[in-house]
Each structure stands twice: as C-alpha cells, then as structure tokens.
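Structure record follows, encoded as structure tokens.
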Amino acid sequence: MKLEIALIPGDGIGPDIVREAVKVLQTVCDKAGHSLKTKSLLAGGAAIDATGKPLPEETLEEAKASQSVLLGAVGGPKWDAVPGELRPEKALLGLRGGLGLFCNLRPALLYSQLADACPLRRESVEGGLDIMVVRELTGGIYFGERGRTADGAYDTMSYTKGEVERIARKAFEIAMKRSKRLTSVDKANILETSRLWRATVDEVARDYPEVAVNHLYVDNAAMQLVRNPRQFDVILTENMFGDILSDEASMVTGSIGMLPSASLRADSFGMYEPIHGSAPDIAGQDKANPLATVLSVAMMLRYSLGMGEEASLVEKAVDKVLDEGLRTADIYTEGTKLCGTRAMGDALVQAVKEA
Ligand code: IPM
Ligand code: MG
C-alpha cells in the first residue's frame with residue numbers, strides 16, 4: 001500500500017519525537033512492503049514565526065489531502081504574549097475543527113515495566129490499568145462564543161443532540177470491543193448541556209444492551225480516578241472534562257510521556273499525537289521520550305490505515321525496548337538504562353527489524 005502522511009512536528013520537542021516516530025514508521029513500511037510518502041507542514045509557534053499565523057491555510061489543505069496526520073506538539077513560552085486568537089494552541093483547535101475530528105481517543109495504559117512510576121498505592125493498580133478516555137473534541141466550551149464585556153469575560157458551552165449522539169455511538173462501539181463497561185461523565189446536577197448529554201447517552205445505550213453504563217459527575221469521576229482507577233474501562237465525556245480527566249488518567253499510569261492519542265472523524269481519517277506538550281525546556285537536547293508519538297503511529301496504523309498487524313509490530317517493539325530496560329529521563333528509575341531520544345528510536349527500529 002501507498003501511505004501519504006502529513007507531518008506537523010510543531011514546537012519544542014515536537015520535531016525530536018516526530019523524527020523518531022517517522023523512523024519507526026519507515027522501518028515498518030519497509031518490512032511490510034508499503035511505500036511511505038511524508039510531507040512536513042507548519043503549525044503552532046513554528047507557523048507563527050514563519051507566516052504570522054498559527055495555522056496557515058496550506059497546512060489545513062495539505063492535511064485534508066493526506067491519509068492521516070501525525071502531530072508532535074505545539075506551543076511554548078516564546079508565544080505566551082501572543083493574543084488569544086493567534087496563539088499556537090489555536091492551530092490545534094483549527095485542525096480539530098477544520099478536519100472535523102470530533103472523536104478523541106486517549107488510552108491510558110499502565111505498562112507493567114513502569115509500574116514503579118505509578119504514584120498510586122500498588123494495590124490500587126494491581127492487575128494493570130487500561131482505560132480508554134473518549135473525549136468529544138469539536139464542541140462545548142472550546143468552540144463556543146467567547147468574549148469580553150465592559151468589566152468581564154464569558155465563554156459559552158453548548159452542544160447539539162447530534163454532537164452528543166455521534167460521540168456516544170463511537171464510545172459504545174469501542175466499549176463493545178473491550179470489556180463492555182462505559183462511564184459517562186458530566187455535570188448534570190448543574191449544567192443544561194450535561195442534562196442533554198446524559199439523556200442522549202441513555203438513548204444511545206438502548207442500542208447497546210450488552211454495555212453496562214453508569215453516569216458520574218465530573219468532580220466525583222476525578223476523585224474515583226485516583227481512588228480506584230480499576231473500576232473504569234471506557235470513559236465518555238465532553239471536551240473540557242475530557243481534557244482534564246485525560247491528564248489525570250495519564251498521570252495515574254505513571255508517565256504522560258508514554259500516552260498516545262487519536263482524533264477521528266466519522267470515516268477512517270484521523271490525526272495522531274502524543275498527549276503531552278511541547279516541553280520547550282528540553283527541546284533539541286535528545287532528552288524527550290518519543291514513545292507516546294511512536295504509539296500514536298501504532299494507533300494511526302490501526303485506526304486510519306487498517307493495518308492492525310503493523311500496529312502490533314510497533315507496540316511490540318515498544319514493549320521490547322522497555323523489557324530491555326531502556327528509559328528516557330522521564331521514565332528512568334534506578335537499575336534501568338538511561339538513553340536519549342535518538343537511541344530510543346534506534347532501539348525501536350532494531351526491534352521492528354528483528355520481529
Ligand atoms: C490537549 C491540550 C489542548 C487542549 C490544548 C493545548 C489546546 O491540552 O490536547 O489536551 O486543551 O485540548
Ligand atoms: Mg490537555
């Protein structure tokens with residue numbers, strides 16, 4: 001098969017980790033007999049510096065024309081003074097909205113090799129952790145009207161029933177392929193959008209009688225995630241709650257440097273990125289952990305390109321290098337082997353070749 005992938009390395013460590021992930025993808029393609037064509041596009045601070053805009057039209061157009069997009073990270077203190085509408089983060093929202101990527105999948109997996117990095121008591125995570133956060137990504141307060149008044153400011157959270165229904169369906173489909181447990185998170189004791197959310201999720205649930213559904217308020221969900229994370233399988237939630245809970249879920253697993261994400265449309269098109277940020281303090285120093293981006297490539301192979309076997313090849317390579325004890329600084333513990341971004345990439349390439 002011929003793969004045409006748009007790359008958006010972005011800012012900070014973005015270029016470091018995307019470079020390694022592409023190395024791994026290229027190796028997988030060579031091995032499986034696929035041809036790979038990549039095109040690097042500008043977004044975020046890099047685009048502001050080059051063009052004055054966080055998301056040049058060309059980037060959106062080229063991304064649309066590709067089979068899927070791999071993104072590093074955007075933003076950094078350099079652009080902190082830039083006004084809201086022109087901030088690097090605006091590029092992310094523009095890509096999500098412009099590409100129609102309403103479904104954000106954020107798996108939070110505890111790697112047994114990294115169990116020591118988990119900040120919770122051992123008994124809380126005994127038997128492993130495998131949570132899938134399904135976050136609505138193109139609605140809610142992120143995309144509502146906002147502004148300033150004479151002496152205040154406002155942001156608006158709104159959802160249509162259709163928006164809730166399509167993300168709920170995705171989440172139920174995913175739950176059907178996992179352990180058939182779904183927790184929908186809202187704030188229905190306060191927010192009208194949450195009452196719509198809850199009623200709509202219950203409606204969709206009727207089409208999936210095998211899935212056990214429960215509803216939690218977001219404050220309680222945040223607490224339950226650290227109290228007893230093993231109660232969760234699929235967590236379905238709106239845009240901002242998902243932003244917050246996915247960070248929390250990632251920390252529960254021990255390293256935010258390990259977790260990938262997929263942002264999907266109704267068809268197979270998607271954008272893939274690590275859930276961590278651009279870590280400008282270690283950019284270009286060969287210190288960043290490329291594993292979340294590499295695992296994002298695995299998600300791309302599986303969800304957008306229909307290449308489950310190739311995806312497993314990547315995931316097994318990650319497992320192998322962890323088994324070998326290789327660790328970038330963020331996941332290093334005593335007795336393991338500290339390595340840099342490139343060395344981690346090289347080890348993955350080797351593992352793919354040998355598989
Ligand atoms: C994320 C990030 C983004 C978000 C920011 C950078 C706009 O935190 O992908 O979780 O809030 O969605
Ligand atoms: Mg976030």
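Just so you know, ligand 1 is whichever comes first in the structure, and atom 1 is the first atom listed for that ligand.
- In terms of protein heavy-atom proximity, atom 11 (O) of ligand 1 is nearest to Tyr142 OH, 2.5 Å.
- Put simply, part of Arg106 is less than 4.0 Å from ligand 1, judged by heavy atoms.
- Close approach to Arg135 involves these atoms of ligand 1, each under 4.0 Å from a residue heavy atom: 1 (C), 4 (C), 9 (O), 10 (O), 11 (O), 12 (O).
- Not a single heavy atom of Met240 sits under 4.0 Å from any atom of ligand 1.
- Here the side chains of Ile13 and Ile282 are in contact, with some heavy-atom distance below 4.5 Å.
- Under the 3.5 Å distance criterion, with hydrogens and angles disregarded, a donor-acceptor pair is assigned to the side chains of Tyr142 and Asp243.
- Among protein heavy atoms, the minimum distance from atom 8 (O) of ligand 1 is reached at Asp243 OD1, 3.2 Å.
- Residue Arg96 holds the heavy atom nearest to atom 3 (C) of ligand 1 of all those in Glu273, Arg96, Glu89.
- Among the atoms of Asp247, no N, O or S atom falls under 2.8 Å of the Mg ion (ligand 2).
- Put simply, no part of His276 is less than 4.0 Å from ligand 1, judged by heavy atoms.
- Within a 6.0 Å sphere centred on CZ of Arg195, heavy atoms belonging to other residues, nucleotides or ligands number more than 12.
- Checked by atom type, the side-chain pair Asn220/Gln224 shows a donor-acceptor distance below 3.5 Å.
- Ser263 and Tyr272 share no donor-acceptor pair across their side chains, judged by distance under 3.5 Å alone.
- Between the Mg ion (ligand 2) and the N, O or S atoms of Asp243, the shortest distance is to OD1.
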Kindly indicate, with the supporting measurements, whether the criterion side-chain hydrogen bond (donor to acceptor under 3.5 Å, both in side chains) is fulfilled by Gln113 and Asp323. CA-CA 7 Å; Gln113 299 97 328; Asp323 281 342; 2.9 Å; yes

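- Near Leu92, meaning under 4.0 Å from any of its heavy atoms, are these atoms of ligand 1: 6 (C).
- The neighbour count for Gln285 CD, taken as heavy atoms of other residues, nucleotides or ligands under 6.0 Å away, is above 12.
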